[in-house]
Amino acid sequence: MHALDVLGDPVRRRILELLADGEQTSGAVGAVIQAEFGISQPAVSQHLRVLRETGFASVRAEGTRRLYAVEAAPLREVDTWLERFRGFWEQRLDALGTELARGKRERRTRDGGTDSGKEHR
């Protein structure tokens with residue numbers, strides 16, 4: 001399964017968001033996912049299994065609990081793939097930054113303020 005197929009599913013993306021905050025028990029993940037998406041515990045387990053089998057998550061046993069964590073390697077691969085497309089949005093973000101700075105300068109000039117916000121005489 002391709003990484004984008006894994007990440008294309010909103011339930012799996014949400015599970016990864018939960019795991020990004022730190023290691024979570026399968027029960028804790030399941031409770032959130034069941035509440036937010038209205039799916040069964042076996043369906044949540046299936047999503048966790050896909051994440052585990054594709055390398056996006058790891059699991060370790062602690063007594064009777066199963067603790068899941070995010071694995072960074074597949075996310076780095078996605079980041080590398082996205083690199084070729086970054087120019088499309090970075091140029092727009094740079095242009096937005098320029099426009100925001102221009103607007104601030106125009107407001108300062110219009111309001112007659114100085115950099116410190118006070119006029120000295």
Side-chain angles (χ1 to χ4, degrees):
M1 183 177 285
H2 188 275
L4 293 179
D5 293 327
V6 174
L7 296 175
D9 185 278
V11 173
R12 289 193 287 265
R13 283 195 313 271
R14 181 63 177 127
I15 291 171
L16 288 174
E17 290 170 358
L18 294 170
L19 298 178
D21 292 335
E23 204 173 46
Q24 300 278 329
T25 65
S26 57
V29 170
V32 171
I33 297 301
Q34 286 175 288
E36 291 182 6
F37 291 91
I39 63 175
S40 67
Q41 186 278 325
V44 175
S45 293
Q46 179 67 24
H47 285 290
L48 286 167
R49 190 185 81 163
V50 168
L51 290 171
R52 196 175 61 249
E53 289 177 353
T54 56
F56 280 86
S58 61
V59 64
R60 70 179 179 87
E62 186 178 88
T64 59
R65 301 183 326 157
R66 299 288 175 259
L67 295 164
Y68 284 83
V70 168
E71 289 297 322
L75 295 171
R76 281 194 293 272
E77 291 173 17
V78 171
D79 185 56
T80 299
W81 185 82
L82 285 171
E83 184 62 38
R84 72 173 69 158
F85 302 101
R86 274 201 184 84
F88 292 113
W89 65 78
E90 285 179 347
Q91 290 173 353
R92 289 183 175 100
L93 289 174
D94 290 344
L96 175 61
T98 300
E99 289 302 315
L100 291 172
R102 181 177 294 136
K104 286 181 184 177
R105 275 194 312 273
E106 288 173 358
R107 279 192 302 279
R108 276 196 311 259
T109 302
R110 182 185 64 231
D111 295 342
T114 62
D115 287 341
S116 66
K118 296 180 182 177
E119 205 171 318
H120 297 284
R121 287 195 183 232

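Side-chain atoms are counted along with the backbone in the values below, which use heavy atoms only and exclude waters and symmetry mates.
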Step-by-step side-chain contact (heavy atoms from CB on, under 4.5 Å) determination, Asp79 to Leu75 = CA-CA 6 Å; Asp79 185 56; Leu75 295 171; over 6 Å; no
At what distance, to the nearest 0.5 angstrom, does CG of Leu51 lie from CG of Leu16?
->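 Going from CG on Leu51 over to CG on Leu16, the span is 5.0 Å.
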Side-chain heavy-atom pair Thr54, Pro74 within 4.5 angstrom cut-off =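 No. Closest side-chain heavy atoms not under 4.5 Å.
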Heavy-atom check, side chain of Arg12 versus side chain of Val50, under 4.5 Å =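 Yes, at least one pair of side-chain atoms sits under 4.5 Å.
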Considering non-hydrogen atoms only, spot the tightest contact between [X] and [Y] and give its length.
X     : Y     : result
Ser58 : Glu71 : OG-OE2, 2.7 Å
Arg66 : Ala61 : NH1-CB, 2.9 Å
Val44 : Gly30 : CG1-CA, 3.7 Å
Val70 : Ala20 : CG2-N, 3.7 Å

Hydrophobic cluster membership, Val11 vs Val6, 4.5 Å side-chain cutoff |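 Result: yes, single cluster for both.
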Pairing residues for Glu23 by the side chain to side chain donor-acceptor pair (under 3.5 Å) criterion, not counting sequence neighbours =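 Glu23 satisfies side chain to side chain donor-acceptor pair (under 3.5 Å) with Arg60 only.
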Reference residue Leu67; test side-chain contact (heavy atoms from CB on, under 4.5 Å); the match among Val29, Thr25, Leu19 =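 Single pass found, and it is Thr25.
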The single option from Arg102, Arg108, Lys104 passing side-chain contact (heavy atoms from CB on, under 4.5 Å) against Glu106 =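 One option only clears the test, and that one is Arg102.
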Sequence neighbours excluded, which residues qualify as side-chain contact (heavy atoms from CB on, under 4.5 Å) partners of [X]?
X     : value
Ala72 : Arg76
Ser45 : Gln41
Glu53 : Arg49

Check salt bridge (Lys or Arg N to Asp or Glu O under 4.0 Å) between Glu17 and all other residues, then give those that pass, not counting sequence neighbours.
->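 Expected list: Arg14.
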Evaluate side-chain contact (heavy atoms from CB on, under 4.5 Å) for Ile33 paired with His47, printing each intermediate quantity in order.
-> CA-CA 10 Å; Ile33 297 301; His47 285 290; 5.9 Å; no
Ring pair (Phe, Tyr, Trp, His ring centres under 6.0 Å) pairs, two or more places apart, involving residues 53-84 =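 Pairs touching residues 53-84 that pass the test: Trp81-Phe85.
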